[in-house]
Amino acid sequence: MAIFALCGVSVIIAARVRSFSEGSLYTDALGAGLVLLAPVYYRAEMLPVFMRRLGYILPTTYIASAVNKILAGDFAVDTEISILIFMAAALLAGGFRLMSWREE
């Protein structure tokens, strides 16, 4: 589900960019944001409150939470998987809706 959620983000970017270089800039900036706002390298409590709240809308937050739980021996990741399923469906549907399917 993590891959599908991140693919949804990629489809949205692909639907909006006009060139390869523009797409590269967007993905680099978004990739940095996904890692900086999600608690991948540090705990979420270390972030300011507004950044912590912004991190809750990113799939990487739930991916990191699920991985941390599994590594700690807690296999109850139903909440994270459910949120990632919802995010994947919403992001992929939104991305495909934005996609231009015909040449203009």
Side-chain angles (χ1 to χ4, degrees):
M1 285 298 98
I3 300 276
F4 287 123
L6 294 175
C7 284
V9 173
S10 300
V11 171
I12 290 172
I13 291 172
R16 290 289 134 211
V17 298
R18 296 187 180 132
S19 67
F20 180 78
S21 59
E22 185 181 358
S24 178
L25 288 172
Y26 278 121
T27 54
D28 289 345
L30 185 65
L34 285 173
V35 172
L36 290 176
L37 292 176
V40 176
Y41 296 114
Y42 44 81
R43 293 188 331 249
E45 294 81 27
M46 297 177 71
L47 288 172
V49 176
F50 73 93
M51 290 178 79
R52 193 177 322 148
R53 288 182 182 155
L54 188 60
Y56 286 125
I57 64 169
L58 300 175
T60 49
T61 300
Y62 302 100
I63 296 167
S65 175
V67 169
N68 285 335
K69 282 183 178 180
I70 290 171
L71 290 176
D74 180 13
F75 296 100
V77 291
D78 298 337
T79 304
E80 286 85 357
I81 297 295
S82 299
I83 292 170
L84 286 171
I85 287 171
F86 174 75
M87 283 184 167
L91 290 169
L92 284 170
F96 288 138
R97 186 169 179 91
L98 291 172
M99 188 74 67
S100 176
W101 291 99
R102 296 182 188 188
E103 290 290 326
E104 294 178 11

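For this chain, numbers begin at 1 and follow the sequence in order.
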Which atom names give the shortest non-hydrogen contact between [X] and [Y], and what distance separates them?
| X | Y | value |
| --- | --- | --- |
| L47 | R52 | O-NH2, 3.0 Å |
| L6 | P59 | CD2-CG, 4.0 Å |
| A5 | L91 | O-CD1, 3.4 Å |
| L92 | C7 | CD2-C, 4.1 Å |
| V35 | Y41 | CG1-CE1, 3.1 Å |
| G95 | I12 | CA-CG1, 3.5 Å |

How many angstroms lie between [atom1] in [X] and [atom2] in [Y], if you round to the nearest 0.5 Å?
| X | Y | atom1 | atom2 | answer |
| --- | --- | --- | --- | --- |
| T60 | L37 | OG1 | CG | 8.0 Å |
| I83 | I63 | CD1 | CD1 | 12.0 Å |
| L84 | T61 | CG | OG1 | 9.5 Å |
| S21 | L25 | OG | CG | 6.5 Å |

With a 4.5 Å cut-off on side-chain heavy-atom distances among I, L, V, M, F, W and Y, is there a chain of contacts connecting [X] to [Y]?
| X | Y | answer |
| --- | --- | --- |
| I81 | F75 | yes |
| V77 | I3 | no |
| F86 | V11 | no |
| I57 | V49 | no |
| M46 | L58 | yes |

Listed partners of S65 passing side chain to side chain donor-acceptor pair (under 3.5 Å), at least two apart
E80
Are any non-hydrogen side-chain atoms of S10 and T27 less than 4.5 angstrom apart?
no
Heavy-atom side-chain proximity of M87 to Y62 below 4.5 angstrom:
yes
Step through the shown structure and confirm whether more than 12 heavy atoms of other residues, nucleotides or ligands are within 6.0 Å of CD1 on I85.
yes
